[in-house]
Amino acid sequence: MNWLAPAPYAGQPRRHPWEIPMLVLVILVGVGGYLLGVVMVSLGYLDTWFILILIAPLLIYLIRGLTYAMPRVNGVKMSPTQFPEGHQMVVEAARRFGLEHVPDAYVVLGNGTINAYAAGHGFRRFVVVYSDLFEIGGQARSPEALRFIIGHEVGHIAAGHVSYWRQLGSIVGMNIPVLGQALSRSMEYTADNHGYYHQPSGSPGAIGVLAAGKYMLTSVSFDEFADRATHERGFFTWVTNLQASHPVLTWRAAALRDRTGAGRMFFRPKHIVRGIGSGHVQKLAPTGPPPQFGGQPITGYPPPPNHPPPAVPQSPPGPPVDLHKPETDRSGDEESE
């Protein structure tokens with residue numbers, strides 16, 4: 001049996017192709033703005049309090065330290081005896097992504113908030129998961145979704161997104177319109193690639209919980225949701241994605257379903273592509289089931305591969321007809337005079 005090679009984004013996790021170019025642009029613009037601010041303060045064109053931008057790197061260091069301290073003193077640290085399933089997911093993700101050290105992982109009170117994040121301080125890396133996310137890991141819901149989400153967060157660490165200099169660039173970049181948000185979206189796509197590699201079958205559940213919450217995620221049709229990335233169009237939908245730090249959910253779902261290419265950054269996908277897994281998928285018409293005539297699809301709507309066309313129903317044979325007998329009136333076909 002000859003096995004097809006996996007699609008480009010269905011195998012080993014890959015960095016989104018826009019991530020590094022956007023990072024370079026953000027660094028250039030950020031450093032240029034920093035130097036320009038210093039020069040304008042020294043020449044007296046700006047108030048002296050603008051000199052505070054010089055201590056921005058120190059502020060980032062302090063923020064990272066406080067972010068790390070919060071779960072250490074208020075959260076529950078995952079271990080073989082506390083949240084053992086989540087701890088095992090973190091260990092397995094670190095192993096799959098080739099990390100030298102398993103990051104610390106903490107559970108903090110969510111109070112209804114669905115969230116998780118990865119961060120770092122010094123040489124330490126850690127993951128924080130809000131407690132509500134563990135409710136999707138129960139038997140009645142989707143443990144695969146939780147596994148995908150944890151893979152996504154550990155993927156941020158594996159991709160280097162939580163290092164000091166990367167985080168400094170990201171925070172500065174978020175104050176640069178369009179560029180900062182684009183960098184953030186590309187990083188989220190990269191983390192999604194790691195989450196997919198860690199648990200491909202968790203993609204629908206992860207999108208479901210982000211779209212409808214921890215209780216209603218199973219009511220979300222992944223294909224219908226992803227199809228809307230193509231259907232929903234217009235200027236304001238485009239702007240909504242342009243200013244977002246994360247890819248809009250319909251585009252994100254479409255990217256997780258179509259592993260033949262990277263997620264869309266600026267323009268919606270033009271075609272509906274279905275098939276989760278290897279990425280060997282086909283393009284479909286954007287509307288409902290193909291029209292049929294006589295039990296056969298009309299030309300232009302071929303049936304999917306490996307699915308034979310439906311059989312034409314055969315009616316049972318009627319009684320024999322005497323060709324020599326004169327034809328009688330057929331009731332209902334002609335009006336009587």
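What you see below is based on every heavy atom in this structure, not just the backbone, and it leaves out hydrogens, waters and symmetry mates.
V129 and L210 end up in the same hydrophobic cluster when Ile, Leu, Val, Met, Phe, Trp and Tyr side chains are linked at under 4.5 Å. No continuous path of hydrophobic side-chain contacts links L168 to I27 [ILVMFWY only; heavy atoms under 4.5 Å]. The hydrophobic cluster containing F222 also contains V209, counting ILVMFWY residues as joined when their side-chain heavy atoms lie under 4.5 angstrom apart, directly or transitively. One hydrophobic cluster holds both L249 and Y196 under the rule that ILVMFWY side chains link at heavy-atom gaps under 4.5 Å. Criterion: ILVMFWY side-chain heavy atoms under 4.5 Å apart, direct or through other members. Under it, F236 and M265 are part of a common hydrophobic cluster.
The closest donor-acceptor contact from the side chain of S184 to the backbone of S245 lies under 3.5 Å. Formation of a donor-acceptor pair under 3.5 Å by the T113 side chain with backbone atoms of N115 is not found in this model. When atom types are taken as modelled, the side chain of R259 and the backbone of A255 share a donor-acceptor pair closer than 3.5 angstrom.
In this structure, CG in L58 is found 10.0 Å from CD1 in I63, a value given to the nearest 0.5 Å. In this structure, OG1 in T237 is found 7.0 Å from CH2 in W251, a value given to the nearest 0.5 Å. Atom CG of L146 is separated from atom NZ of K214 by 13.0 Å, given to the nearest 0.5 angstrom. Once rounded to the nearest 0.5 Å, the distance linking CZ of R264 with OG1 of T250 reads 12.5 Å. Atoms CG and OH, from L256 and Y9 in turn, are 13.0 Å apart once rounded to the nearest 0.5 Å. Remark: L99 CG to I157 CD1 distance equals 7.0 Å, nearest 0.5 Å.
The ring of H101 has its center no closer than 6.0 angstrom to the ring center of F123. Taking the ring centroids of H198 and F148, they lie at or beyond the 6.0 Å cut-off.
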Kindly list each side-chain donor-acceptor pair under 3.5 angstrom involving residues 169-181, sequence neighbours excluded, with atom names and distances?
from: S170; atom 1: OG; to: R166; atom 2: O; distance (Å): 2.9
from: N175; atom 1: ND2; to: I171; atom 2: O; distance (Å): 3.0
from: Q181; atom 1: OE1; to: V178; atom 2: N; distance (Å): 3.0

Sequence neighbours excluded and cut-off under 3.5 Å, please list the side-chain donor-acceptor pairs for residues 104-112, or say none.
from: D104; atom 1: OD2; to: Y68; atom 2: OH; distance (Å): 3.4
from: D104; atom 1: OD2; to: R124; atom 2: NH2; distance (Å): 2.6

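More than 12 non-hydrogen atoms from other residues, nucleotides or ligands lie less than 6.0 angstrom from OH of Y164. Counting heavy-atom neighbours within 6.0 Å of M70 CE, excluding the residue itself, gives a total above 12.
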Passes side chain to side chain donor-acceptor pair (under 3.5 Å), R268 versus N241? Steps please. CA-CA 9 Å; R268 63 181 176 84; N241 177 76; over 6 Å; no
Applying side chain to side chain contact (heavy atoms under 4.5 Å, CB included), run through M22 and M187 and close with a yes or a no. CA-CA 10 Å; M22 297 309 301; M187 291 164 60; over 6 Å; no
Could you give me the CA-CA distance, side-chain angles and deciding distance for V162 and R125, then say whether side chain to side chain contact (heavy atoms under 4.5 Å, CB included) is met? CA-CA 8 Å; V162 301; R125 302 291 181 263; 3.2 Å; yes
Can you list the steps and then say if E153 with H194 is a side chain to side chain donor-acceptor pair (under 3.5 Å)? CA-CA 9 Å; E153 299 304 336; H194 285 77; over 6 Å; no
Just do the side chain to side chain contact (heavy atoms under 4.5 Å, CB included) check on T230 and K270 with the steps written out, would you? CA-CA 6 Å; T230 299; K270 300 298 183 183; 5.9 Å; no
Should D223 and R228 be marked as a salt bridge (charged side-chain N to carboxylate O under 4.0 Å, His left out) after you check the CA-CA gap, both sets of side-chain angles, and the distance that decides it? CA-CA 9 Å; D223 279 324; R228 289 174 47 222; over 6 Å; no
Passes ring-ring contact (aromatic ring centres under 6.0 Å, His included), W238 versus F266? Steps please. CA-CA 7 Å; W238 176 74; F266 301 104; 8.4 Å; no
Take Y61 and H121 through the test side chain to side chain contact (heavy atoms under 4.5 Å, CB included) and record every step on the way to the result. CA-CA 8 Å; Y61 177 82; H121 179 60; 3.6 Å; yes
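In this structure, G86 and F134 approach most closely via the heavy-atom pair CA-CE2, 4.0 Å. Across all their heavy atoms, R96 and Y197 have their closest contact at NH2-O, 3.0 Å. Closest approach of G205 and A145 over heavy atoms only: C-CB, 3.5 Å. The heavy-atom pair separating G151 from A93 by the smallest distance is CA-CB, 4.4 Å. Nearest heavy-atom pair, G208 versus L217, reported as atom, atom and distance to 0.1 Å: C-CB, 3.6 Å. Here the closest heavy-atom approach between residue L183 and residue E19 is recorded as CD1-O, 3.7 Å.
Partner of D192 under the side-chain hydrogen bond (donor to acceptor under 3.5 Å, both in side chains) criterion, out of H16, H246, R252: R252 alone.
The shortest distance between side-chain heavy atoms of S203 and R257 does not fall below 4.5 Å. The shortest side-chain heavy-atom distance between H271 and D258 does not fall under the 4.5 Å cut-off. Annotation: side chain of E85 is not in contact with side chain of P143 (no heavy-atom distance under 4.5 Å). Contact annotation: the side chain of E188 approaches that of H156 to within less than 4.5 Å [non-hydrogen atoms, C-beta and beyond].
When only modelled atom types and interatomic distance are considered, E135 and Y215 share a side-chain donor-acceptor pair under 3.5 Å. Using modelled atom types and a 3.5 Å distance limit, the side chains of S201 and Q199 yield a donor-acceptor pair.
R185 is linked by a salt bridge (charged side-chain N to carboxylate O under 4.0 Å, His left out) to nothing, counting only residues two or more places apart in sequence or in another chain.
Note: Y117 and F126 have perpendicular aromatic rings, judged against thresholds of 30 and 60 degrees for the angle between ring planes.
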